[in-house]
2 protein chains.
Amino acid sequence: MGTALTPNETEVLALLRGANGPMTAYQLLGRMQRKGGAVAPPTVYRALKGLEEAGVVQRIETLRAWAVVTSPVPGVVAICDYCGSVRSVEAPSLFESLHQRLAAEGFAEARQTIEVHGRCGDCTGGRA
Amino acid sequence: MGTALTPNETEVLALLRGANGPMTAYQLLGRMQRKGGAVAPPTVYRALKGLEEAGVVQRIETLRAWAVVTSPVPGVVAICDYCGSVRSVEAPSLFESLHQRLAAEGFAEARQTIEVHGRCGDCTGGRA
DNA sequence: CAGATATACGTTATAGTATTACATAGCACA
DNA sequence: TGTGCTATGTAATACTATAACGTATATCTG
């Protein structure tokens, strides 16, 4: 199946798993430098590319940051602008509707990005 | 209603309208420099910010580029990776489903980004 | 009118994100 | 042994975006 991860990919993935949210490439770079000495941007970007192709991380486009994929199926990324939390919400029927809608236009999609900014339940319940 | 556009905003909007697709901020900058002499990045970014707030342009996140808003209502941005075309596809019921789905999670959305990469009808019909 | 405020813009510098290009090292295996 | 492949290192650069500060102009208002 998926080829095994390389050492660098493993390290980046571990860092992302240990974080409680997305990290930018340069945050990852900083962590790796504090551990391992001379690490340069291509090391991080190559690892991210590999992990993305393996389907285990994804770029959160609107944050220019990277996060572990938490759901087996593509989801809606819900980003709270108040507390910064990022959740992936599964919505298979939504993606199916999207597929249908695009098919009706003759468009064959290969990759969907759905990101939503707003306020999460925790931040809505409490004060502003 | 919407305040009038500033001269810089007007110029940037005209450039985007004249293009047949999204332009990056630095492409806009280059055009403005060839016309007007010394123009710096903040000039472009300020104009884009104003236009975005006015709802007449939007950033295409997955392209890191900017495009004129073509539909009165938020749409699905369909990007053909073969010919580079970018279209906004209206899908009100899709956005309504998205709203419902997020509301069920307690999430109140303020801004949605839906971008899809794939192959458009023109590129599907013909050869690879 | 003087002074206060607000908007738009100019200018310089810098921050933040990502890629290109080329070198090297190790492994697999004919 | 040598050939090719994968992963990595390394240096430089490209691309995207913002911060911080200054200036000009308009408008309001006492």
Side-chain angles (χ1 to χ4, degrees), chain A residues 1-16 19 21-54 56-67 79 81 84 86 113 115 117, chain B residues 1-16 19 21-54 56-67 79 81 84 86 113 115 117:
Chain A
M1 317 314 168
T3 339
L5 299 182
T6 70
N8 279 335
E9 287 168 355
T10 305
E11 184 175 2
V12 166
L13 181 55
L15 286 169
L16 283 174
M23 294 178 72
T24 70
Y26 276 73
Q27 285 172 338
L28 290 162
L29 179 61
R31 295 294 196 87
M32 291 173 77
Q33 286 172 336
R34 271 187 280 294
K35 289 192 197 183
V39 182
T43 298
V44 174
Y45 282 100
R46 280 195 284 241
L48 288 170
K49 181 163 185 270
L51 291 168
E52 188 172 44
E53 283 166 0
V56 299
V57 310
Q58 65 181 141
R59 185 176 193 264
I60 310 300
E61 301 289 343
T62 57
L63 298 178
R64 287 98 148 156
W66 302 79
I79 301 154
D81 294 325
V86 175
T113 299
E115 297 178 15
H117 284 254
Chain B
M1 318 304 177
T3 339
L5 299 182
T6 70
N8 278 336
E9 286 168 357
T10 304
E11 183 175 2
V12 166
L13 181 55
L15 285 170
L16 282 175
M23 293 177 72
T24 71
Y26 277 73
Q27 285 172 336
L28 289 163
L29 180 61
R31 295 293 195 86
M32 290 173 76
Q33 286 172 336
R34 272 187 278 292
K35 289 192 198 184
V39 181
T43 298
V44 174
Y45 281 101
R46 278 195 284 242
L48 288 170
K49 181 162 185 271
L51 291 168
E52 188 172 45
E53 283 166 1
V56 300
V57 309
Q58 67 181 139
R59 185 177 194 266
I60 310 300
E61 301 289 343
T62 56
L63 298 178
R64 287 97 146 159
W66 302 79
I79 300 153
D81 294 326
V86 176
T113 299
E115 297 177 14
H117 284 253

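Below, chain A is the first sequence line, B the second, and so on; all start at residue 1.
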Looking at D/dA20, C/dA18, D/dT10, which one has an atom nearest to any side-chain atom of A/Ala25?
C/dA18

Interatomic distance where [atom1] belongs to [X] and [atom2] belongs to [N] [whole Å]:
| X | N | atom1 | atom2 | value |
| --- | --- | --- | --- | --- |
| B/Asn8 | D/dA24 | CG | P | 17 Å |
| A/Leu48 | C/dG16 | CG | C1' | 15 Å |
| B/Ile60 | D/dT16 | CD1 | P | 14 Å |
| B/Leu63 | C/dT17 | CG | P | 19 Å |
| A/Leu5 | D/dA7 | CG | P | 10 Å |
| A/Arg46 | D/dA11 | CZ | P | 13 Å |
| B/Met23 | D/dC15 | CE | P | 14 Å |
| A/Leu28 | C/dG16 | CG | C1' | 14 Å |

Look at the side-chain N and O atoms of [X] and state whether any lies under 4.0 Å from the OP1 or OP2 oxygen of [N].
| X | N | result |
| --- | --- | --- |
| B/Thr24 | D/dC15 | no |
| A/Thr6 | D/dT6 | no |
| A/Thr43 | D/dG9 | yes |
| A/Arg59 | C/dA18 | yes |
| A/Arg64 | D/dA17 | yes |
| B/Tyr45 | D/dT18 | no |

Students often get this wrong, so: under 4.0 angstrom with heavy atoms, is B/Pro7 touching a base, only sugar-phosphate, or nothing?
sugar-phosphate

Taking the six-membered ring for Trp, does B/Tyr26 stack with D/dC15 (centroid gap under 5.5 Å, planes within less than 30°)?
no

As an exercise, state the distance from CZ of A/Arg64 to OG1 of A/Thr24, rounded to the nearest 0.5 Å.
11.5 Å

For the CG atom of B/Leu51 and the OG1 atom of B/Thr10, what is their distance to the nearest 0.5 Å?
8.0 Å

A/Thr43 side chain near A/Glu11 side chain, heavy-atom distance below 4.5 Å:
no

Residues A/Glu115 and A/Thr62: side-chain donor-acceptor under 3.5 angstrom:
yes

Whichever of B/Pro42 and A/Trp66 has the more 5' nearest nucleotide on DNA chain C, that residue is B/Pro42

Pick the nucleotide of DNA chain C nearest each of A/Pro41 and B/Val39; which residue has the one closer to the 5' end?
B/Val39

Checking A/Gln33 side chain against A/Val39 main chain: does a donor-acceptor pair fall under 3.5 Å?
yes

